[in-house]
Amino acid sequence: MNIADRIQNLRKIKGISQEELADKVGVSRQAVSKWESEQSIPDLDKVIIMSELFDVTTDYILKGIESPRQDDEKKADALIFVIVGTVLNFMGLAISAVVWYEEQVAGALMIGLIFLALGCMVFGVGFLGSAQRTRRRAKYSFWAINIWLLCFIPLSFVYNVLFSGTTAPYPLPVQPLVAFPVFWLVYIAICLSVTIVILRKRKSSGI
């Protein structure tokens, strides 16, 4: 089996057409057709993209040699760190809100930011040490969810400083009353836009 056969076989196993593969790799359908008919071979950057798409090594596509994946199989699923990081971020939001509600101290904001930083750090470190095959899905999942948590305290801080002069970690009703619903519209618009972009990228990458 040569490189043309391997690309064609992997594409069929994935259940996608030449046109779909071309779209995911960033080339024309004619280019994919030439790869599979031995008229040309893909550039290295395209081989790397296909290796991620098909979950094989570049050596397998180029030479038919599948590198051992025992070490990767022993590593944790990156989705575990998505869950842990998200829980920490949510805890930061909840604890900072409770502390501010009870005490009205600037430290409430710092507690929330520390938890958010910790959640992102746990995800980042865990992500780098997780199984390679699970990373792409985890990356998209983490940011699609956590953009809603990570934006809340910073946007609330800006809103409260501008309209109430406080450092509350959540938006407070203020005068003019229109400012409060505007905050929520801005917050939802930003987070929803980012989430849509992330989900589209996830879909286009075939995950």
Side-chain angles (χ1 to χ4, degrees), residues 52-53 55 71-207:
E52 294 178 348
L53 176 64
D55 193 27
D71 290 341
D72 193 59
E73 293 295 334
K74 294 177 183 177
K75 294 180 179 179
D77 191 320
L79 287 175
I80 294 173
F81 301 102
V82 172
I83 296 171
V84 175
T86 301
V87 169
L88 286 170
N89 288 338
F90 181 79
M91 285 176 60
L93 225 61
I95 293 173
S96 64
V98 170
V99 171
W100 176 266
Y101 183 79
E102 296 290 338
E103 307 291 339
Q104 282 84 49
V105 294
L109 183 74
M110 293 306 301
I111 290 172
L113 293 176
I114 289 171
F115 266 90
L116 293 178
L118 183 61
C120 291
M121 184 177 70
V122 167
F123 169 71
V125 173
F127 177 85
L128 294 175
S130 61
Q132 180 73 36
R133 70 187 186 285
T134 67
R135 291 183 185 179
R136 295 179 72 198
R137 180 183 294 274
K139 176 179 66 175
Y140 290 123
S141 298
F142 180 81
W143 292 113
I145 297 169
N146 284 273
I147 187 63
W148 296 86
L149 302 175
L150 296 172
C151 280
F152 189 77
I153 290 180
L155 287 177
S156 296
F157 170 75
V158 172
Y159 162 85
N160 286 315
V161 167
L162 289 176
F163 293 100
S164 68
T166 67
T167 57
Y170 56 85
L172 302 173
V174 295
Q175 294 292 339
L177 292 176
V178 69
F180 188 69
V182 167
F183 165 84
W184 287 104
L185 287 174
V186 171
Y187 168 70
I188 292 172
I190 292 173
C191 295
L192 188 60
S193 298
V194 173
T195 300
I196 290 172
V197 170
I198 292 171
L199 293 178
R200 283 179 177 173
K201 285 187 176 181
R202 175 177 174 174
K203 183 178 180 181
S204 66
S205 66
I207 296 177

How many angstroms lie between atom [atom1] of [X] and atom [atom2] of [Y], to the nearest 0.5 angstrom?
X: Lys75; Y: Arg135; atom1: NZ; atom2: CZ; answer: 6.0 Å
X: Phe183; Y: Ile188; atom1: CZ; atom2: CD1; answer: 9.0 Å
X: Phe90; Y: Ile95; atom1: CZ; atom2: CD1; answer: 10.5 Å
X: Leu88; Y: Phe81; atom1: CG; atom2: CZ; answer: 12.0 Å
X: Leu150; Y: Leu93; atom1: CG; atom2: CG; answer: 9.0 Å
X: Arg202; Y: Arg137; atom1: CZ; atom2: CZ; answer: 5.0 Å

Quick check on Tyr187: does its OH atom have over 12 non-hydrogen neighbours (other residues, nucleotides or ligands) under 6.0 Å away?
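For Tyr187, atom OH is crowded (more than 12 foreign heavy atoms under 6.0 Å).
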Just distance, no hydrogens or angles: give the donor-acceptor pairs under 3.5 Å from side chains in residues 98-127, sequence neighbours left out.
{"from": "Gln104", "atom 1": "NE2", "to": "Trp100", "atom 2": "O", "distance (Å)": "2.7"}
{"from": "Gln104", "atom 1": "NE2", "to": "Tyr101", "atom 2": "O", "distance (Å)": "2.8"}

Which atom names give the shortest non-hydrogen contact between [X] and [Y], and what distance separates them?
X: Ser130; Y: Ala78; answer: OG-CB, 3.3 Å
X: Val174; Y: Ala179; answer: CG2-CB, 4.1 Å
X: Ala144; Y: Thr195; answer: O-OG1, 3.4 Å
X: Trp184; Y: Pro171; answer: CZ2-CG, 3.7 Å

Return all side-chain donor-acceptor pairs below 3.5 angstrom for residues 151-160, not counting sequence neighbours, or 'none' if the list is empty.
{"from": "Ser156", "atom 1": "OG", "to": "Phe152", "atom 2": "O", "distance (Å)": "2.7"}
{"from": "Tyr159", "atom 1": "OH", "to": "Leu172", "atom 2": "O", "distance (Å)": "2.7"}
{"from": "Asn160", "atom 1": "OD1", "to": "Leu172", "atom 2": "N", "distance (Å)": "3.2"}
{"from": "Asn160", "atom 1": "ND2", "to": "Ser156", "atom 2": "O", "distance (Å)": "2.9"}
{"from": "Asn160", "atom 1": "ND2", "to": "Ala168", "atom 2": "O", "distance (Å)": "3.0"}
{"from": "Asn160", "atom 1": "ND2", "to": "Tyr170", "atom 2": "O", "distance (Å)": "2.9"}

Evaluate Thr86 against Phe142 for side chain to side chain contact (heavy atoms under 4.5 Å, CB included), listing each step before the verdict.
CA-CA 7 Å; Thr86 301; Phe142 180 81; 4.3 Å; yes
Step by step, work out the side chain to side chain contact (heavy atoms under 4.5 Å, CB included) result for Leu149 and Asn146.
CA-CA 5 Å; Leu149 302 175; Asn146 284 273; 3.5 Å; yes
Do Val194 and Trp143 come within less than 4.5 Å of each other through their side chains, counting heavy atoms only?
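Of all side-chain heavy-atom pairs linking Trp143 with Val194, none is under 4.5 Å.
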